[in-house]
Structure formats: C-alpha cells, structure tokens
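Notes for the one structure printed next.
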Amino acid sequence: MTTSWILLLIAGLLEVVWAIGLKYTEGFSRLVPSVITITAMIASVWLLALALKGIPVGTGYAVWTGVGTVGTAILGIVLFNEAATVARLACIGLIVAGIFGLKLVSGDT
C-alpha cells in the first residue's frame with residue numbers, strides 16, 4: 001500500500017473520530033470533546049488533501065467518506081445502541097465492497 005493510501009485510511013479513521021465526537025460535544029458546549037472533534041476534523045481534511053496528491057480526487061473522496069460512513073455506522077451500533085438490522089448491515093457491506101472496488105480500479109497500487 002502506498003503512502004497516499006495509508007494517509008487516506010488515517011484520514012477516514014479521523015473522520016470517524018470527529019463524526020462520533022460531534023455527539024459528545026453536545027452542540028459544541030463541552031470543551032474537551034469539542035477540541036478533540038475540531039482537531040480531528042482539521043487533521044482528517046489535511047490528510048485527505050495530502051493523500052489526493054497521489055490518488056484521483058473522485059476515488060479519494062469516495063473512499064474517505066466511505067471509511068467515515070462505515071466506521072461511524074458501526075460505532076453508532078456499538079456505542080449508541082443504534083439498530084443493527086440485516087438490511088443496515090448489508091448496506092454497510094455494500095459500502096465496504098465499493099471502497100475495495102475503488103481501490104482495485106484506481107490504478108494506484
């Protein structure tokens with residue numbers, strides 16, 4: 001895996017951090033969760049920008065949002081007792097398949 005893909009993966013994981021962090025900020029009224037969330041937002045976008053130096057923008061953005069979506073949905077189930085229906089899990093699986101598909105056809109190995 002190239003450096004660009006590693007940066008993109010980290011950027012996606014940081015997207016999960018800030019998306020989940022939003023819940024804990026309580027509308028940015030809590031200092032520590034707010035600082036962590038804003039820091040993760042900045043770092044996530046910065047790493048995405050660095051990753052896009054070596055990955056096509058359409059692929060990079062789709063993978064970044066896909067990793068964030070999947071991670072946030074899974075943590076929503078685990079942390080917040082959100083529904084884990086077969087249909088929801090299947091849709092998450094489709095997103096994961098799309099992420100791998102985009103990686104395979106991106107031309108950047």
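Numbers here simply count residues along the sequence, with the first being 1.
For the side-chain contact (heavy atoms from CB on, under 4.5 Å) with L7, the lone residue among L48, L52, L47 that qualifies is L47. With respect to I99, the side-chain contact (heavy atoms from CB on, under 4.5 Å) criterion is satisfied by exactly one of L9, L104, V67, L94: V67.
E82 CD to I74 CD1: the interatomic distance, rounded to the nearest 0.5 Å, is 11.5 Å. Separation of atoms CH2 (W18) and OG1 (T25) is listed at 11.5 Å; rounding is to 0.5 Å. Atom CG of L8 sits about 9.5 Å away from atom OG1 of T2, to the nearest 0.5 Å.
Between A73 and I92 the shortest heavy-atom distance is CB-CD1, 3.7 Å. Contact detail for G54 and S4: the closest heavy-atom pair is CA-OG, 3.5 Å. Here the shortest heavy-atom pairing between L14 and A43 reads CD1-CB, 3.7 Å. T65 approaches E15 most closely through the heavy-atom pair CA-OE1, 3.6 Å.
One hydrophobic cluster holds both V63 and F100 under the rule that ILVMFWY side chains link at heavy-atom gaps under 4.5 Å. Hydrophobic clustering, with ILVMFWY side chains joined whenever heavy atoms are under 4.5 angstrom apart, keeps W46 apart from I38. In the hydrophobic clustering of this structure, V17 does not group with I42; members are Ile, Leu, Val, Met, Phe, Trp, Tyr whose side-chain heavy atoms approach within less than 4.5 Å, directly or through other members.
Of the possible donor and acceptor atoms, none in the side chain of T72 sits under 3.5 Å from a partner among the backbone N and O of T69. The backbone N or O of M41 sits nowhere less than 3.5 Å from a side-chain atom of S44 that would complete a donor-acceptor pair.
Side-chain contact check for F28 versus L22: some heavy-atom pair is nearer than 4.5 Å. Using a 4.5 Å heavy-atom cutoff, the side chains of W64 and I55 are not in contact.
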